[in-house]
Number of protein chains: 2
Amino acid sequence: MEATKRHRRKMQSVTMMDVAERAQVSPSTVSLYLRKPDAVSATASRAIAEAIDALKYVPNLMAGGLAAASSRAVSVIVPSVRNAFFAETVATMQAELGKERLQVMLGHSEYSEREEENLVKMALSWKPAAVVLTGLSHSATTRRLLKDGNVPVLELWELGGEPIDMAVGFYHEQVGSTAATHLVQRGRKRLLFLGARLQEDRRAALRADGFLKTAREATGVSAEIVQHPAPANAAIGAMLLAEAIRKYPDIDAVACSNDHIALGVIFECQRIGVQIPERLSVIGFGDLSFSAACNPALTTIRPPGDLIGTEAARLILDRINETGRAAPTVIDTRFTLLQRQSS
Amino acid sequence: MEATKRHRRKMQSVTMMDVAERAQVSPSTVSLYLRKPDAVSATASRAIAEAIDALKYVPNLMAGGLAAASSRAVSVIVPSVRNAFFAETVATMQAELGKERLQVMLGHSEYSEREEENLVKMALSWKPAAVVLTGLSHSATTRRLLKDGNVPVLELWELGGEPIDMAVGFYHEQVGSTAATHLVQRGRKRLLFLGARLQEDRRAALRADGFLKTAREATGVSAEIVQHPAPANAAIGAMLLAEAIRKYPDIDAVACSNDHIALGVIFECQRIGVQIPERLSVIGFGDLSFSAACNPALTTIRPPGDLIGTEAARLILDRINETGRAAPTVIDTRFTLLQRQSS
DNA sequence: TGGCTTCATCATAGCGCTACGATTTACGAA
DNA sequence: TTCGTAAATCGTAGCGCTATGATGAAGCCA
């Protein structure tokens with residue numbers, strides 16, 4: 001009986017139908033106005049804008065996404081925004097994509113391929129316009145999901161090997177190599193690499209590899225490594241320096257896997273009376289906001305986190321808008337050695 | 001003619017209908033299994049799980065959100081994740097909400113009420129399960145949109161006045177007051193507040209107000225302020241200290257609006273030969289990852305960014321699950337004075 | 001044995017928008 | 001004046017899932 005049929009009430013107080021009625025156009029025209037304003041006449045546009053404002057209409061992006069089989073969302077998966085590198089890239093992407101009314105959806109992998117896989121599954125459920133990952137290490141399931149997902153994929157912050165789709169980053173072994181070359185050119189002969197969490201942070205491990213390889217190739221130069229499994233911060237840096245000097249009393253240079261560690265090294269050197277750079281050269285990685293203000297000012301290698309974010313956003317927008325430009329699959333943003341006082 | 005009728009092709013290769021067919025249940029049961037597993041028998045659950053795995057089914061959350069008139073997304077709007085305070089809160093919320101398969105959507109307001117308003121409009125288009133804002137300053141339009149939006153709203157990181165819905169944070173004037181009280185109790189009499197970007201960062205401005213008010217109430221104590229319009233970082237901190245000493249040569253204590261500024265102050269004091277804390281006490285705000293490792297270790301006030309994130313996530317989940325507990329509208333997380341060596 | 005309750009499962013209309021072909025109108029050229 | 005083309009607008013089925021009442025089966029108690 002019709003009397004007992006379920007009547008699902010309308011959930012949204014104002015819909016595109018209401019806007020269309022007030023503006024005296026069809027709902028299709030309202031939809032077109034919101035998606036392609038240039039395809040709608042000035043007269044109709046004014047009436048529609050007035051109706052939207054008067055009715056305080058808020059579009060339902062889920063209905064639009066269902067109908068279009070794609071959403072205006074970009075899933076961005078980084079190890080953590082606690083990490084200043086990824087915070088910078090996320091912030092830059094959010095600014096660029098926000099301008100085009102694309103919503104950034106955030107996921108934290110905490111350097112876990114398993115967690116990244118779970119996040120990719122959740123991401124794909126939203127039919128995102130693109131999926132952004134950090135680095136090149138992914139589970140086989142993640143790779144299959146993304147290949148089957150028919151979605152633009154970017155891998156950021158690391159280059160090497162064949163990307164799933166697009167990649168923006170630089171070669172981390174080259175960062176390590178550049179640090180070693182710099183110290184050797186400064187005349188240092190007893191080099192040390194200080195790293196944290198290298199088991200999970202593969203990019204830091206790659207920098208360590210590049211450093212040791214290049215340093216050990218230099219005539220008359222020795223290079224060792226001292227590590228700690230905890231996440232990198234200044235306190236860990238201080239501990240690492242203390243252990244380094246205990247194990248290798250004659251070191252004359254240290255390269256740190258990031259500037260937090262380098263900061264801790266600088267403070268620890270002050271405490272134990274080691275002069276930088278006279279007695280010990282220090283080089284970091286990251287060029288964080290405090291690096292130039294250190295005493296002495298920190299020599300470091302600057303990764304362009306902002307450029308990575310900007311280029312990634314541009315690739316996404318190009319792919320979405322299909323401007324026809326054959327966007328390069330891989331962008332090498334390189335990095336910059338900033339020679340300051342500490343080396 | 002039917003022959004010329006448009007046939008919109010099915011977009012998603014595998015849908016819930018396919019899973020239902022393979023598991024030999026109805027699509028309703030599959031939907032129930034995904035939303036409320038306890039309501040489905042063990043036999044049916046096994047068959048459905050097998051079918052999902054075999055067909056590699058990925059749900060379409062937009063269809064679900066359209067049908068349910070709500071999505072499993074939480075919109076989180078912070079000034080920027082470049083700021084470690086908000087990065088910590090976002091990271092904590094992402095971890096808690098991710099466990100319940102709620103997607104964090106990120107927005108950056110850059111301390112602009114206008115930008116926040118735009119982000120709230122975009123947020124509401126996704127029919128989020130909750131909207132999270134930072135601070136208590138919002139445009140009238142933002143307040144109306146959220147009230148009309150029929151959505152749980154949280155305001156984080158600041159208490160004071162009546163919240164739109166729920167609030168988790170602490171009183172920033174009390175932070176400033178606590179810093180002043182601490183310095184006065186240490187016997188300091190010529191106090192200075194060093195702040196950056198106080199025009200936009202209202203919480204930092206509130207801390208400055210609290211500091212000056214309390215310091216000036218103390219007998220025989222004077223207090224001034226030196227500011228810079230740029231975003232706070234260590235380099236700005238160094239500049240502020242240099243200007244502070246130039247303008248007020250007899251100061252014996254500085255309170256910094258955050259620990260980045262304090263870090264710059266520490267380094268600048270080293271450069272100009274000012275002994276901390278003998279000649280100058282320094283107190284910061286934030287307890288960032290480097291604060292304990294400074295030389296001298298930095299006295300600071302620790303805001304519980306992680307607790308704010310955890311409590312916010314709990315309030316959201318309670319509201320979504322409607323557990324019946326009358327969750328308090330306002331949670332004061334307080335803050336902690338960490339007295340280290342610099343004061 | 002029958003009736004009532006509970007648990008598991010199902011039916012299906014509809015949520016709000018979009019794609020894309022159809023239709024209408026206006027303008028310019030022959 | 002007529003025809004063709006371009007611009008603007010419209011029609012409407014369907015995208016994939018869910019809410020909620022309906023239905024059937026099983027179990028328990030009188």
Side-chain angles (χ1 to χ4, degrees), chain A residues 1-21 23-48 52 55 57-72 124-127 129, chain B residues 1-21 23-48 52 55 57-72 124-127 129:
Chain A
M1 293 179 158
E2 281 189 6
T4 63
K5 270 182 173 177
R6 174 169 59 84
H7 294 296
R8 300 268 306 281
R9 77 178 183 279
K10 187 181 175 193
M11 299 293 199
Q12 191 155 313
S13 55
V14 176
T15 69
M16 202 168 277
M17 315 304 161
D18 304 306
V19 174
E21 193 175 321
Q24 291 194 304
V25 294
S26 79
S28 303
T29 304
V30 178
S31 174
L32 196 59
Y33 167 79
L34 291 171
R35 288 181 292 108
K36 290 176 185 171
D38 290 341
V40 176
S41 71
T43 305
S45 292
R46 280 194 296 275
I48 295 170
I52 289 177
L55 296 175
Y57 167 69
V58 174
N60 188 323
L61 295 182
M62 288 183 296
L66 174 60
S70 175
S71 68
R72 290 199 70 79
L124 291 176
S125 296
W126 290 96
K127 308 300 173 194
Chain B
M1 293 179 156
E2 280 189 7
T4 63
K5 271 181 173 178
R6 174 168 60 83
H7 294 294
R8 300 269 306 280
R9 76 180 182 282
K10 187 183 175 191
M11 299 295 195
Q12 191 155 315
S13 53
V14 176
T15 69
M16 202 169 278
M17 315 304 161
D18 304 307
V19 174
E21 192 175 323
Q24 293 193 302
V25 294
S26 77
S28 305
T29 304
V30 177
S31 175
L32 197 58
Y33 167 80
L34 291 171
R35 287 181 293 108
K36 290 176 183 171
D38 291 342
V40 175
S41 72
T43 304
S45 293
R46 281 196 294 275
I48 294 170
I52 288 177
L55 297 175
Y57 167 68
V58 174
N60 186 323
L61 295 183
M62 288 183 296
L66 173 60
S70 176
S71 67
R72 289 198 71 78
L124 291 175
S125 296
W126 289 95
K127 308 301 173 194

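So that the names make sense, note that chain A is the first sequence line, chain B the second, and so on, each numbered from 1.
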Rounded to the nearest 0.5 Å, how far does [atom2] of [Y] lie from [atom1] of [X]?
X	Y	atom1	atom2	value
B:Leu32	B:Asp38	CG	CG	10.0 Å
B:Met62	B:Trp126	CE	CH2	6.5 Å
B:Glu21	B:Ser26	CD	OG	12.5 Å

Are the side chain of B:Ser71 and the backbone N or O of B:Lys127 linked by a donor-acceptor pair below 3.5 Å?
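Pair found, side chain donor or acceptor close to backbone of B:Lys127.
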
Grab the [atom1]-[atom2] distance between [X] and [N] for me, whole Å please.
X	N	atom1	atom2	answer
B:Leu61	D:dC15	CG	C1'	15 Å
A:Asn60	C:dC15	CG	C1'	8 Å
B:Arg46	C:dT9	CZ	C1'	17 Å
A:Trp126	D:dC15	CH2	P	21 Å
B:Arg72	D:dT18	CZ	P	11 Å
B:Ile48	C:dA8	CD1	P	13 Å
B:Met62	D:dC17	CE	P	10 Å
A:Glu21	C:dG16	CD	P	15 Å

Counting the atoms with a prime plus P, OP1 and OP2 as sugar-phosphate, which does B:Met17 contact under 4.0 Å by heavy atoms, base, sugar-phosphate, or nothing?
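Since a base atom lies under 4.0 Å of B:Met17, the category is base.
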
Flag the pair [X] / [Y] as yes when at least one side-chain heavy-atom distance between them is below 4.5 Å, and no otherwise.
X	Y	result
B:Ile48	B:Thr29	yes
A:Tyr33	A:Val25	no
B:Val58	B:Val14	no
B:Leu34	B:Tyr57	yes

Among C:dC15, C:dC17, C:dT18, which nucleotide has an atom closest to any side-chain atom of B:Ala67?
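Given the options C:dC15, C:dC17, C:dT18, the side chain of B:Ala67 is closest to C:dC15.
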
Picking from C:dA19, D:dT18, D:dC17, which would you name as closest to the side chain of B:Thr15?
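It is D:dC17.
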
So what is the end-to-end bend of the helix from C:dT1-D:dA30 to C:dA30-D:dT1, with 5 pairs used at each end and the value given to 10 degrees?
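If I round to tens, the end axes sit 30° apart.
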
What residues, two or more places apart in sequence or in another chain, satisfy side chain to side chain contact (heavy atoms under 4.5 Å, CB included) together with A:Ala47?
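By the side chain to side chain contact (heavy atoms under 4.5 Å, CB included) rule, A:Ala47 matches A:Ala23.
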
Using a heavy-atom distance cut-off of less than 4.0 Å, which residues of residues 24-45 of chain A contact DNA chain C?
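Going residue by residue through residues 24-45 of chain A, the ones with a heavy atom under 4.0 Å of DNA chain C turn out to be A:Ser28, A:Ser31, A:Arg35.
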
